[in-house]
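Numbers here are sequence positions counted from 1. The basis for the numbers below is simple: all heavy atoms, side chains too, and nothing from hydrogens, waters or symmetry mates. Every number for a ligand or one of its atoms is a count from 1 in the order of the listing. Nothing here was measured: the structure is a model prediction, and the numbers come from that model.
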Amino acid sequence: MNILLTGGLGFIGSHTAAVLAGEGHEVVIIDNLCNSQRQTLGSLEMIAGKKFPFYEGDVRDLTLVKSILQDHQIECVIHFAGLKSVAESGVDPLKYFDNNVGGSITLMEAMQAANVKKLIFSSSATVYGIPQYLPYDEEHPLSPMNVYGRTKLQVEEILQDLSRSDPDWSIVCLRYFNPIGAHESGLIGELPQGIPNNLMPYICQVVSGKLPHLNVFGDDYDTKDGTGERDYIHVMDLAEGHAAALAFTRDHKGWEAINLGTGIPYSVYDLINAFEKSAKQAIPKMVKERRSGDLPIYFAKVEKAKNLLNWEAKRDLQLMCDSSWKYQQGAKR
Ligand code: NAD
Ligand code: UDP
């Protein structure tokens, strides 16, 4: 199939591009490089052994997106392009609504005009909010606790209304849990700008000597070892989940929200221990206050993805850490 990846040079988009190209799909990428680098395109082309048509541009540019859809006879769009910092979204909400919600609406308009009606959207487990029960299934009430999560929920709702208005649409909202890890080649991975907010990239920078120690945000939660527990998923499993969702859109119409996680929660200390094995060194750490807005624990119910997409995560925590470390060592050069 001819597929457009918005935000395709970002962390999840680049790994998905590698998987889809490996399956023989024609992948076209648009990215404004606000949180990625052009050199990722070269790495991706080394992995795939072929060139990708790339447009440096913004999904809010209706004319550009429409012409890409038409010129490449795009059949399905995977919409990764978005801003993802929870903290920044609270400080600058309009930037987040403009980019994440406004960008998605412009994309939908362009797709409608070009008669492209298959869309896979990058949503997030943050749409659920405080757990009423765990694991979160897709029927769990939706009540995001921050602006970022509200942008994701709003786009999901707009997409649902769009599919109600026109039954030709096939829309899958993938609710990601915590993607970490990197491509097995070590050529692409997660490259956050500045000091990372998330646990895995922070650990990578501590181990590579760029940051002095890891702050463990709270060890007094009601969890197995007192630290926060999350459903970490290998980014290559996540990428393969997109390939499965793409296959699903061939024969199914309507709107679906589907969790992509492993169903297994791991604590901060679990991740530290696994990473210490990968890097064969101790990670200096200091226990700090809980981070405001953090939930103690959440993880996915994964049956819907198994049933509808015939997909489940296969890679374990050690492989997630090994691949992150391999990428980090290369990124240092
Ligand atoms: P990322 O920042 O690495 O990738 C997003 C890409 O989109 C970047 O390359 C950025 O330059 C591009 N982009 C942003 N706004 C754009 C715009 N208006 N026009 C064109 N390009 C634009 O993030 P990621 O981790 O790969 O996440 C991809 C998507 O998945 C995002 O929508 C994010 O909100 C969502 N998501 C991520 C996580 C996570 O933990 N990484 C979890 C849940 C959901
Ligand atoms: N965390 C931590 N130190 C850090 C970053 C994160 O202890 O420097 C903890 C955080 O409190 C949470 C877990 O690691 O329990 C995962 O945090 P992350 O930001 O990676 O994901 P999210 O909270 O968005 O699910």
Side-chain angles (χ1 to χ4, degrees), residues 5-16 29-38 40-41 55-61 64-65 78-87 89 95-96 98-100 102-104 106-107 121-127 145-146 148-149 151-152 155 173-180 188-193 195-203 205-206 211 213-219 221 223 226-233 235 238-239 242 260-261 265-272 285-299:
L5 267 51
T6 75
L9 291 191
F11 174 43
I12 305 170
S14 58
H15 290 79
T16 304
I29 295 174
I30 177 172
D31 198 305
N32 67 3
L33 304 182
C34 72
N35 197 36
S36 51
Q37 289 171 352
R38 187 178 269 274
T40 300
L41 185 64
Y55 295 84
E56 182 176 343
D58 199 292
V59 288
R60 290 165 292 185
D61 183 342
L64 173 65
V65 178
I78 309 185
H79 181 33
F80 298 101
L83 302 173
K84 62 172 182 177
S85 161
V86 169
S89 74
K95 180 177 169 187
Y96 272 67
D98 178 36
N99 198 74
N100 292 7
S104 299
T106 304
L107 173 66
F121 171 59
S122 294
S123 189
S124 166
T126 52
V127 296
M145 295 160 62
N146 52 60
Y148 166 71
T151 68
K152 292 292 173 189
V155 176
C173 297
L174 295 175
R175 294 179 180 156
Y176 311 151
F177 281 68
N178 286 57
I180 58 172
I188 55 173
E190 188 172 14
L191 203 62
Q193 292 176 353
I195 296 181
N197 293 310
N198 299 113
L199 180 60
M200 178 58 103
Y202 203 103
I203 288 179
Q205 296 212 1
V206 171
L211 292 167
H213 63 264
L214 174 69
N215 300 305
V216 175
F217 296 138
D219 68 351
Y221 285 112
T223 55
T227 65
E229 292 185 42
R230 295 289 183 273
D231 185 339
Y232 297 99
I233 175 170
V235 66
L238 198 67
H242 290 76
L260 292 187
Y266 287 105
S267 71
V268 175
Y269 287 149
D270 286 335
L271 204 72
I272 294 174
K285 54 184 180 290
M286 288 175 74
V287 176
K288 295 282 173 69
E289 292 292 293
R290 294 177 180 192
R291 187 171 63 177
S292 135
D294 267 359
L295 292 166
I297 175 170
Y298 61 84
F299 55 104

Using every non-hydrogen atom in the two residues, find where [X] and [Y] come nearest and quote the distance to one decimal.
{"X": "Thr40", "Y": "Leu9", "value": "CG2-O, 3.7 Å"}
{"X": "Gly57", "Y": "Leu64", "value": "CA-CD2, 3.9 Å"}
{"X": "Phe11", "Y": "His15", "value": "O-ND1, 2.7 Å"}

- Relative to atom 35 (C) of ligand 1, which among Phe177, Tyr148, Phe121, Tyr232 owns the nearest non-hydrogen atom? Tyr148

- Query: Can you tell which of Asn178, Asp31, Val235, Asn197 gets a heavy atom nearest to atom 10 (C) of ligand 1?
  - Reply: Asp31

So is there a nitrogen or oxygen of [X] less than 3.5 Å from a nitrogen or oxygen in ligand 1?
{"X": "Phe80", "value": "yes"}
{"X": "Asn99", "value": "yes"}
{"X": "His79", "value": "no"}
{"X": "Val59", "value": "yes"}

- Note on the structure: The ring-ring contact (aromatic ring centres under 6.0 Å, His included) partners of Tyr148 (sequence neighbours excluded) come to none

What is the closest protein heavy atom to [atom], and at what distance does it sit?
{"atom": "atom 5 (C) of ligand 1", "value": "Gly82 O, 3.9 Å"}
{"atom": "atom 39 (C) of ligand 1", "value": "Pro179 CG, 3.6 Å"}
{"atom": "atom 16 (C) of ligand 1", "value": "Asn32 ND2, 3.4 Å"}
{"atom": "atom 3 (O) of ligand 1", "value": "Phe11 N, 2.9 Å"}
{"atom": "atom 2 (O) of ligand 1", "value": "Asn35 ND2, 2.7 Å"}
{"atom": "atom 37 (C) of ligand 1", "value": "Ile12 CD1, 3.8 Å"}
{"atom": "atom 4 (O) of ligand 1", "value": "Gly10 CA, 3.4 Å"}
{"atom": "atom 24 (P) of ligand 1", "value": "Lys84 NZ, 3.7 Å"}

- Atoms in ligand 1 with a heavy atom of Ser36 nearer than 4.0 Å: 8 (C), 9 (O), 11 (O)

- Note on the structure: Note: ligand 1 atoms sitting under 4.0 Å from heavy atoms of Ser122 are 29 (C), 30 (O), 32 (O), 35 (C)

- Query: Ser89: what forms a side-chain hydrogen bond (donor to acceptor under 3.5 Å, both in side chains) with it, not counting sequence neighbours?
  - Reply: none

- Of all residues at least two apart in sequence or in a different chain, which pass the side-chain hydrogen bond (donor to acceptor under 3.5 Å, both in side chains) check with Asp294? Arg291

Taking atom [atom1] of [X] and atom [atom2] of [Y], what is their separation to the nearest 0.5 Å?
{"X": "Asp31", "Y": "Tyr55", "atom1": "CG", "atom2": "OH", "result": "14.5 Å"}
{"X": "Thr106", "Y": "Asn99", "atom1": "OG1", "atom2": "CG", "result": "10.0 Å"}
{"X": "Asn100", "Y": "Ser122", "atom1": "CG", "atom2": "OG", "result": "10.0 Å"}

- Can you check whether Pro192 reaches Asn198 side chain to side chain, under 4.5 Å on heavy atoms? no

- Please examine the side chains of Asn35 and Leu83, heavy atoms only from C-beta on, and report whether any two atoms are closer than 4.5 Å. no

- Note on the structure: Distance filter under 4.0 Å, heavy atoms only, around ligand 2 gives Asn178, Asn197, Asn198, Leu199, Tyr202, Leu214, Asn215, Val216, Phe217, Gly228, Arg230, Tyr232, Val268, Arg291, Asp294, Tyr298

Any atom of ligand 1 sitting under 4.0 Å from a heavy atom of [X]?
{"X": "Ser14", "result": "no"}
{"X": "Cys34", "result": "yes"}
{"X": "Lys152", "result": "yes"}

- Query: When the ring centroid of His242 is compared with that of Tyr176, is the distance short of 6.0 Å?
  - Reply: yes

- Side chain, backbone, both or neither: which part of Leu33 has a heavy atom under 4.0 Å from ligand 1? backbone

- Indicate, as side chain, backbone, both or neither, the part of Ser123 found under 4.0 angstrom from ligand 1 when only non-hydrogen atoms are considered. backbone

